[in-house]
Amino acid sequence: MNKTRYFLPVLLLANLLCMMDVSIMTIILPEIQTAFNESLTNLSWTLNVYTIVFATLIIPFGRLAERLGRNKFVFSGLLVFGLGSLLSGLATNLPFMLVARAVQSIGAASIVPTSMVIGLEKSDQSTRNKVVAALAGVQGLAVALGPTIGGIVSQYFGWRWVFLINVPLVMLTLVLFTFVLPLRNEATSKAAIDWLGALVSMAMLFSLSLGLIEGNHWGWQSFSIIGLLVAAVIFFILFMILEYRQQHPMIELSLFKSRNFNGAGIALILCNYFLGGMAVLIPTFLTRVYGESELKAALLITPYSIAVMFSVILTSLAVKKVNNKLLIGGGFILIGVSYYLLANLDVSPNYNELILADIILGIGYGLVAATANILAVADFHGGLLTASQSVANVLRQVGMILAIAIFTSILTSNLRLAKDNTLHFAVRQTQTLAVSAAARTRVQAKIQQRLNPNSDSVSQTTKTVKLPQLKIANSVSAALAQKEYQEQLTKIAQQKGIQAALLPVAVKVKIKTLVSRAVRQKVHQKETQINTQLAKLVKRLKQHLRTQLDQAFLHVYGSMLWLPFGALLLLPIFKFRRKGREAA
């Protein structure tokens with residue numbers, strides 16, 4: 001029996017594990033944020049590390065696989081991915097997690113590009129299109145399944161099991177892999193590898209991401225941020241020079257002579273950028289601002305995942321029948337409409353508007369991504385065809401990297417403004433409290449501690465805004481009681497026509513007891529009145545903070561609203577294949 005005919009399910013499972021990672025990660029970010037007590041800015045590097053390493057190693061690892069043997073390389077990649085998953089699940093702090101995520105990404109970069117080549121090698125001409133379609137379709141399936149699986153696992157077993165569950169799945173895949181794909185006597189070739197280009201591109205993406213993410217925190221005019229952005233430009237120029245002079249470059253620059261490839265590349269960056277903007281922010285918005293569980297947040301964004309999957313499939317079937325400019329243009333218009341809905345979202349009565357925005361975004365993404373994927377390879381054959389697929393994969397990751405960096409940066413600025421606005425509102429509100437200046441200062445300090453405007457963390461949500469119960473100091477109560485006591489003594493002594501000092505001890509004790517009881521009751525009533533005011537203040541603060549956080553998240557989409565429609569300007573770049581004839 002020819003066992004190799006069962007290779008496709010094994011490759012699909014391996015690819016599914018790797019491609020679900022980012023979509024799952026966006027769901028569990030809020031829970032990890034609470035566990036590590038980190039800001040959203042810092043935690044975004046758990047996504048950035050994965051995508052940067054993945055994007056820069058896809059092409060070099062594809063060529064390294066040719067030298068070592070593709071089957072062995074994918075097998076090794078599964079081992080590395082499983083190790084990274086184990087380490088991620090055991091991580092106790094952010095630095096540990098970042099190292100583990102890098103290990104995971106190295107494994108994924110070993111698996112994904114090489115699996116496609118293995119699929120092409122093991123299939124004949126009649127089944128090749130089906131194999132390519134199946135491997136490409138895994139990406140849509142991963143997007144659809146990732147949020148739901150991540151939400152279910154984290155809800156019932158905790159966020160660590162989102163990673164740990166990969167370990168037995170990887171072990172199963174390894175066993176099946178050795179059964180259907182031989183690891184011995186593989187054909188190899190001495191393919192040249194542009195490691196220097198990979199390192200320079202990684203440095204470029206890292207500098208750009210760090211500069212964009214930390215701009216609000218370090219200051220956009222600070223030496224560090226300016227230095228990072230200048231370094232990104234220098235690394236980019238250096239990369240282009242290296243690629244131009246390399247005999248076997250990481251990226252074949254002749255690809256960019258094709259208008260179709262250039263337009264498709266920009267379209268892939270943009271559509272993944274818009275998709276990433278929704279996938280990164282909305283789960284945190286739902287869990288932190290509205291207190292929804294990870295599972296419910298996952299289910300609320302699942303409609304976009306399903307819409308992406310079906311839109312990609314249907315668009316792939318329509319590409320040969322419909323003008324491609326209409327598909328790309330229509331896709332960007334739909335993405336723009338979805339961003340308009342997100343920017344003006346009202347989730348107070350229900351989540352219907354969010355679900356509608358999800359679906360429209362998914363359809364728009366599918367129209368752009370499916371068409372651009374096909375057009376990216378439309379003008380190439382042979383080696384350039386393989387190279388165009390690899391570069392297109394890199395550009396998709398670049399779009400996600402930019403989304404994480406830019407959307408997180410804008411959100412950071414908005415969150416700090418939201419908390420600062422709420423803090424000023426709180427200060428104004430505390431002026432109305434009928435308390436001493438010292439008590440008012442204590443309340444304001446507590447509010448400042450809770451809100452912390454200098455942090456972009458949203459772990460202190462509207463549910464955790466609390467103020468201390470105010471107590472009237474014992475010394476104040478004693479002084480009041482003594483004053484009341486002296487006043488009563490004087491009054492009774494005057495009524496009896498004697499000096500207060502001559503009143504009987506029993507009378508004095510009785511007066512002191514009655515006065516103490518009355519003072520305690522008066523103090524209790526005063527404390528109750530003050531704390532009732534505090535409770536009302538907390539309620540007003542929560543309402544104000546929720547409104548401010550709503551605006552902080554949703555205004556991110558408003559600030560980006562021009563870009564989907566502006567993307568229509570790239571349509572003239574394309575030199576599309578027309579129905580019935582090939583493009584020149």
Side-chain angles (χ1 to χ4, degrees), residues 129 132-133 136-137 139-140 143-144 255-279 303-343 355-380 385 388-389 391-393 395-396 398-400 402-403 557 560-584:
N129 289 341
V132 173
Q139 183 176 3
V143 171
L255 293 172
F256 296 97
K257 295 178 181 178
S258 164
R259 284 169 53 187
N260 271 346
F261 182 81
N262 292 335
I266 298 173
L268 287 172
I269 291 174
L270 287 174
C271 68
N272 282 277
Y273 172 82
F274 296 127
L275 187 68
M278 195 278 279
Y304 101 83
S305 306
I306 297 173
V308 167
M309 184 170 63
F310 282 103
S311 180
V312 167
I313 294 172
L314 295 176
T315 303
S316 299
L317 297 175
V319 163
K320 293 182 179 180
K321 301 177 181 179
V322 180
N323 187 304
N324 300 145
K325 289 187 179 183
L326 291 178
L327 294 175
I328 295 276
F332 279 124
I333 290 173
L334 287 177
I335 291 173
V337 171
S338 72
Y339 266 51
Y340 174 81
L341 293 175
L342 290 172
I355 293 171
L356 178 61
D358 285 351
I359 294 172
I360 293 175
L361 178 62
I363 295 172
Y365 174 85
L367 286 170
V368 177
T371 308
N373 279 327
I374 293 171
L375 292 171
V377 301
D379 297 338
F380 306 112
L385 176 62
S388 65
Q389 290 176 325
V391 175
N393 208 345
L395 294 176
R396 282 192 287 271
V398 170
M400 184 61 69
L402 291 175
Y557 299 105
M560 289 284 123
L561 189 55
W562 62 273
L563 191 53
F565 299 106
L568 298 175
L569 297 176
L570 71 86
L571 292 180
I573 297 176
F574 289 99
K575 185 174 63 176
F576 289 132
R577 179 179 300 165
R578 297 180 179 276
K579 185 177 179 181
R581 62 187 180 92
E582 299 293 326

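Note that the numbering runs from 1 along the sequence shown for the chain. Nothing here was measured: the structure is a model prediction, and the numbers come from that model.
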*Asks:* Test of understanding: with side-chain contact (heavy atoms from CB on, under 4.5 Å), list the residues that count as partners of Leu255, not counting sequence neighbours.
*Replies:*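 Leu255 satisfies side-chain contact (heavy atoms from CB on, under 4.5 Å) with Glu252, Phe261, Phe380, Leu384, Ala387, Ser388, Val391 once adjacent residues are dropped.
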*Asks:* Only counting residues at least two apart or in another chain, list the ones meeting side-chain contact (heavy atoms from CB on, under 4.5 Å) with Leu270.
*Replies:*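 Partners of Leu270 under the side-chain contact (heavy atoms from CB on, under 4.5 Å) test: Ile266, Phe274, Phe332, Leu563, Ala567, Leu570.
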*Asks:* How far apart are the closest heavy atoms of Leu268 and Ala392, and which atoms are they?
*Replies:*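 The pair with the smallest heavy-atom distance is CD1-CB, 3.8 Å.
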*Asks:* Tell me every residue that passes side-chain contact (heavy atoms from CB on, under 4.5 Å) with Leu314, counting only those two or more places apart in sequence or in another chain.
*Replies:*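 Scan of Leu314 (side-chain contact (heavy atoms from CB on, under 4.5 Å), adjacent residues dropped) gives none.
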*Asks:* At what distance, to the nearest 0.5 angstrom, does CG of Leu395 lie from CG of Asn373?
*Replies:*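 Answer rounded to 0.5 Å: 10.5 Å.
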*Asks:* Looking only at heavy atoms, what is the nearest atom pair of Cys271 and Val368, with distance?
*Replies:*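 Of all heavy-atom pairs spanning Cys271 and Val368, the closest is CB-CG1, 3.7 Å.
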*Asks:* What closest approach, in Å, do Leu367 and Leu327 show between heavy atoms, and which atom pair accounts for it?
*Replies:*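 Minimum heavy-atom separation between Leu367 and Leu327: CB-O, 3.6 Å.
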*Asks:* Considering all heavy atoms of both residues, which atom of Ala264 and which atom of Ala372 are nearest to each other, and what is their separation?
*Replies:*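 Closest approach of Ala264 to Ala372, heavy atoms only: CB-O, 3.3 Å.
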*Asks:* Just verifying a value: how many Å separate Asn324 CG and Leu375 CG, rounded to the nearest 0.5 Å?
*Replies:*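 So the gap between those two atoms works out to 5.0 Å.
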*Asks:* Closest heavy-atom contact between Pro303 and Ile359?
*Replies:*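 Nearest pair, atom of Pro303 first, then Ile359: CB-CG1, 3.8 Å.
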*Asks:* Is atom CZ of Phe310 surrounded by more than 12 heavy atoms (other residues, nucleotides or ligands) closer than 6.0 Å?
*Replies:*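 No, because the 6.0 Å sphere around CZ of Phe310 holds 12 heavy atoms or fewer from other groups.
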*Asks:* Between Leu334 and Leu361, is any pair of side-chain heavy atoms under 4.5 Å apart?
*Replies:*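 Of all side-chain heavy-atom pairs linking Leu361 with Leu334, none is under 4.5 Å.
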*Asks:* Might you point out which heavy atoms bring Asn272 and Arg396 nearest each other, and give the distance in Å?
*Replies:*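 Looking at all heavy atoms of both residues, the closest pair is ND2-CG, 3.3 Å.
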*Asks:* Output all residues satisfying side-chain contact (heavy atoms from CB on, under 4.5 Å) with Leu561, sequence neighbours left out; order by chain, then residue number.
*Replies:*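 Counting only residues at least two positions away or on another chain, Leu561 forms a side-chain contact (heavy atoms from CB on, under 4.5 Å) with Tyr339, Tyr340, Phe565.
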*Asks:* Check each of Thr315, Leu326, Val322 against Thr371 using the side-chain contact (heavy atoms from CB on, under 4.5 Å) test, and report the only one that passes.
*Replies:*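 It is Thr315; the other options fail the test.
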*Asks:* Using modelled atom types only, decide if a donor and an acceptor are shared between the side chain of Ser338 and the backbone of Ile335 within a distance under 3.5 Å.
*Replies:*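 Yes, because the side chain of Ser338 sits within donor-acceptor range (under 3.5 Å) of the backbone of Ile335.
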